[in-house]
Amino acid sequence: MLPARVRFAPSPTGYLHVGGARTALFNWLYARHAGGKFILRIEDTDAARNTPEALVAIYDGLRWLGLEWDEGPEVGGDSGPYRQSARQAIYEQHLRTLERGGHVYEDHGTTRFRSPRQPVTVNDLVCGAVTFERDEPDMTIRRPDGSFIFHFVNVVDDLEMGITHVFRGEDHLSNTPKHIELFRALGGEPPRYAHIPLILNPDGSKMSKRDQGASVQSYLDAGYLPEAVRNYLCLLGWSPKDDREKLPIEEIIRLFRPENLNRKNAAFDLDKLNWLQGEYARELEGDRLQQVARQALRAAGLPLENFSADYIDAAIQTCQGKFRLGSELPAYAGFYFTREVALDPQGVEKHFIPENREKLQRTRAAFAACEPFTADPLQAALKATATDLGVKAGVLVHPTRLAVTGSDSGPSLYHLLEILGREVVLTRLDQALAHPGFCR
RNA sequence: GGCGCGUUCGUCUAGUGGCCUAGGACACCGCCCUCUCACGGCGGGUACACGGGUUCGACUCCCGUACGCGCUACCA
């Protein structure tokens, strides 16, 4: 059997959207599964609609998702060039083949392909055998200005590049008989097609360009992890046929088969993506954790440069396993990096009340005397204070946390106190004790 | 309109004639764990679009209807 050659052939008319990314992903998965080549080809025949920015967005998006191509722009290969705008001569040559075979004719300046008008059966890897009658008007393959139409160049390139398998959106299923006719007229063998279901918006409408969350870039910007997005995209139309949902990409590659693809359009479910994102985010540790967290904190404008690397490392470490999206971090751990804490009004109302005044004062005193100022002794000091006062530790924990972080949720209190250090903790406690809520 | 594809919980799915009084996951609700948050554990409700067949027996096979989506371009 021929080594598999699959391709993703986007046209750079906008950003890379999740539907396109998922198409690229399935092609890539098949190539990796079969030990074949994954080829990127840019379909930029429509000069008016293509932009350089869109081209960069495609490259960046694919690379972010880890879908490296074996042949294509910026990588090279034996079947180039990989941008259609540079392949005009090749198209001219194949057009002559069609002319010689009497397959084309001229019509108002355009070139049209004469359909044999015989039923065509598409043997689709996903949809099975689908037969089309072929009674539509002949397709145009070349415009009066000499530029070629999608159907023609797409087929010529698949032929020239030796493409063996094509995974593409189901919207192309009805185009496929045209492509097969072209292949035959060109004397070539069509690749095996696998038409995959479309991605829908949560409301069931077709997800397209300007829909919320349609851009791969928006997930990158929002701090999603590429492995989470990629894993989620795999689940749209494919499943391992058991109960697993979070799978390492190597396992997905191993299991990926066209037969396991669905035929049903799938709605994009942000909740589920978020869940997977959380699954991956909680596994973050070490350098990767530091890198992801620092980026999120900086993006929120927190002045990390004012703090030592050790301090930042330790602060971030207390967030390990506690967040799903980097963008949650500023609210969760921003207090490490601000001078003044922003007090949560609801928390203030609940915890900064007269009956807590003495409790907080006693806690402050215990911390002031705590030596060393580290998590375990701090915990012991707080618990001892609680015992003296005859209350549960939680009664002291809440106002203390609020005073020191401004919020009633955050990292482990004792660890955060240690990192903040005695001076900051005592200062914030004093500021809190001056709050009017305590002497109503 | 014509042609094509599809239809299992709100969503993603498992299911290829009896294992299904339909399984898992997300989301939701309740309880538990707990210094908060998150995590985790336990429990709960919710689905085979509809109508005909075929069969001893249909979520699974066939036909029809409805609904959704796609194609029907000198867009890709």
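All chains are named by letter (A, B, ...) in the order of the sequence lines, taking the proteins before the strands, and each is independently numbered beginning at 1.
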Checklist entry - Is any side-chain N of the basic residue among A/E227 and A/R288 closer than 4.0 Å to the acidic one's carboxylate O? => result yes
Next on the checklist: To the nearest 0.5 Å, what is the distance between NE2 on A/H33 and CD1 on A/I253?
Outcome noted: 10.0 Å
Checklist outcome for this item: Closest to the 5' end of RNA chain B, once A/E43 and A/W238 are matched to their nearest nucleotides, is A/W238
Item to check | A/S79 and A/R41: side chain donor to acceptor below 3.5 Å | outcome: no
Item to check | A/Y224: ring-ring contact (aromatic ring centres under 6.0 Å, His included) partners, not counting sequence neighbours | outcome: A/Y219
Item to check | Euclidean distance for P, B/A14 against B/C69 (whole angstrom) | outcome: 22 Å
Checklist entry - Using a cut-off of 4.0 Å on non-hydrogen atoms, how would the nucleic acid contact of A/G169 be classed: base, sugar-phosphate, or nothing? => result nothing
Next on the checklist: Please determine whether a side-chain nitrogen of the Lys or Arg among A/E250 and A/R254 lies less than 4.0 Å from a carboxylate oxygen of the Asp or Glu.
Outcome noted: no
Checklist entry - Touch check for A/D135, heavy atoms < 4.0 angstrom, all strands: base, sugar-phosphate only, or nothing? => result nothing
Checklist entry - Using purine N1 to pyrimidine N3 plus N6-O4 or O6-N4 for Watson-Crick, or N1-O2 and O6-N3 for G-U wobble, each under 3.5 Å, what pairs with B/A25? => result B/U11
Checklist entry - Which residues, if any, of residues 222-230 of chain A bring a heavy atom under 4.0 Å of RNA chain B? => result none
Item to check | Under the salt bridge (charged side-chain N to carboxylate O under 4.0 Å, His left out) test, residues paired with A/R114 that sit two or more places apart | outcome: none
Next on the checklist: For A/P330, give me all partners under side chain to side chain contact (heavy atoms under 4.5 Å, CB included), at least two apart in sequence or on another chain.
Outcome noted: A/L297, A/A300, A/L302
Checklist entry - Between A/F373 and A/F367, what is the ring plane arrangement, given parallel below 30°, perpendicular above 60°, and tilted in between? => result perpendicular
Item to check | Proximity of A/F167 and A/W28 rings by center, below 6.0 Å | outcome: no
Checklist outcome for this item: When both distances are under 3.5 Å in a Watson-Crick or G-U wobble arrangement, the nucleotide paired with B/G4 is B/C69
Checklist entry - To the nearest Å, how far apart are A/R244 CZ and B/G23 C1'? => result 16 Å
Checklist entry - Taking the same atom, C1', in B/U13 and in B/C50, what whole-Å distance lies between them? => result 23 Å
Checklist entry - What residue pairs, at least two apart or across chains, pass side chain to side chain donor-acceptor pair (under 3.5 Å) with a residue in residues 229-239 of chain A? => result A/N231-A/Y280
Checklist entry - If the C1' atom of B/U8 is compared with that of B/C48, how far apart are they to the nearest Å? => result 4 Å
Item to check | With sequence neighbours excluded, residues passing salt bridge (charged side-chain N to carboxylate O under 4.0 Å, His left out) with A/R401 | outcome: none
Under 3.5 Å between N/O atoms: give me all the protein pairs with nucleotides 63-66 of chain B, atom names plus distance.
none

Checklist entry - For B/C59, which nucleotide is its Watson-Crick or G-U wobble mate, given both distances must be under 3.5 Å? => result none
Every protein N/O lying under 3.5 Å from an N/O of nucleotides 35-46 of chain B:
from: B/C35; atom 1: O2; to: A/R401; atom 2: NH2; distance (Å): 3.1
from: B/C35; atom 1: N3; to: A/L413; atom 2: N; distance (Å): 3.4
from: B/C35; atom 1: N4; to: A/S412; atom 2: OG; distance (Å): 2.9
from: B/U36; atom 1: O2'; to: A/D408; atom 2: O; distance (Å): 2.1
from: B/U36; atom 1: N1; to: A/R401; atom 2: NH2; distance (Å): 3.4
from: B/U36; atom 1: O2; to: A/R401; atom 2: NH1; distance (Å): 3.4
from: B/U36; atom 1: O2; to: A/G410; atom 2: N; distance (Å): 2.6
from: B/U36; atom 1: O2; to: A/G410; atom 2: O; distance (Å): 2.8
from: B/U36; atom 1: N3; to: A/R401; atom 2: NH2; distance (Å): 3.3
from: B/U36; atom 1: N3; to: A/G410; atom 2: O; distance (Å): 2.6
from: B/U36; atom 1: O4; to: A/K322; atom 2: NZ; distance (Å): 3.4
from: B/C37; atom 1: O2; to: A/Y332; atom 2: OH; distance (Å): 2.7
from: B/C37; atom 1: N3; to: A/K322; atom 2: NZ; distance (Å): 2.4
from: B/C37; atom 1: N4; to: A/K322; atom 2: NZ; distance (Å): 3.1

Item to check | Counter-base of B/G45, judged by Watson-Crick or G-U geometry with both distances under 3.5 Å | outcome: none
Checklist entry - How are the rings of A/Y30 and A/H165 set to each other: parallel, tilted or perpendicular (split at 30° and 60°)? => result tilted
Next on the checklist: Base, sugar-phosphate or nothing for A/I141? Non-hydrogen atoms, less than 4.0 Å.
Outcome noted: nothing
Checklist outcome for this item: A/R49 meets the salt bridge (charged side-chain N to carboxylate O under 4.0 Å, His left out) criterion, sequence neighbours left out, with A/D46
Close N/O contacts between protein and nucleotides 70-75 of chain B (under 3.5 Å):
from: B/G70; atom 1: O2'; to: A/D171; atom 2: O; distance (Å): 3.4
from: B/G70; atom 1: N2; to: A/S174; atom 2: OG; distance (Å): 3.4
from: B/C74; atom 1: OP2; to: A/T140; atom 2: OG1; distance (Å): 3.2
from: B/C75; atom 1: OP2; to: A/R143; atom 2: NE; distance (Å): 2.1
from: B/C75; atom 1: OP2; to: A/R143; atom 2: NH2; distance (Å): 2.4
from: B/C75; atom 1: O3'; to: A/R143; atom 2: NH2; distance (Å): 3.2
from: B/C75; atom 1: O2'; to: A/R49; atom 2: NH2; distance (Å): 3.3

Next on the checklist: Under a 3.5 Å cut-off for both contacts, is B/U36 paired Watson-Crick or G-U wobble with anything, and if yes, with which nucleotide?
Outcome noted: none
Checklist outcome for this item: For A/A228 and A/L273, the nearest pair of non-hydrogen atoms, with its separation, is O-CD2, 4.1 Å
Tabulated below should be each protein N or O lying under 3.5 Å from an N or O of nucleotides 8-11 of chain B; please produce it.
from: B/U8; atom 1: OP1; to: A/K264; atom 2: NZ; distance (Å): 3.4
from: B/U8; atom 1: OP2; to: A/K264; atom 2: NZ; distance (Å): 2.6

Next on the checklist: Suppose the criterion is ring pair (Phe, Tyr, Trp, His ring centres under 6.0 Å): which pairs have a residue in residues 116-152 of chain A, not counting sequence neighbours?
Outcome noted: A/Y91-A/F148, A/F148-A/F152, A/F150-A/H172, A/F150-A/H179, A/H151-A/H179
Checklist entry - Who is the Watson-Crick or G-U wobble partner of B/C75, with both distances under 3.5 Å? => result none
Item to check | Pairwise C1' distance, B/G51 and B/C56 [rounded to whole Å] | outcome: 23 Å
Checklist entry - Has A/N262 got a side-chain N or O lying under 4.0 Å from the OP1 or OP2 atom of B/U13? => result yes
Next on the checklist: What's the gap between B/U46 and B/G10 when it is taken at their P atoms, as a whole Å value?
Outcome noted: 11 Å
Item to check | A/D145/A/R143 ion pair, N-O < 4.0 Å | outcome: no
Item to check | Aromatic plane relationship, A/F337 with A/Y311 - under 30° parallel, 30 to 60° tilted, over 60° perpendicular | outcome: perpendicular
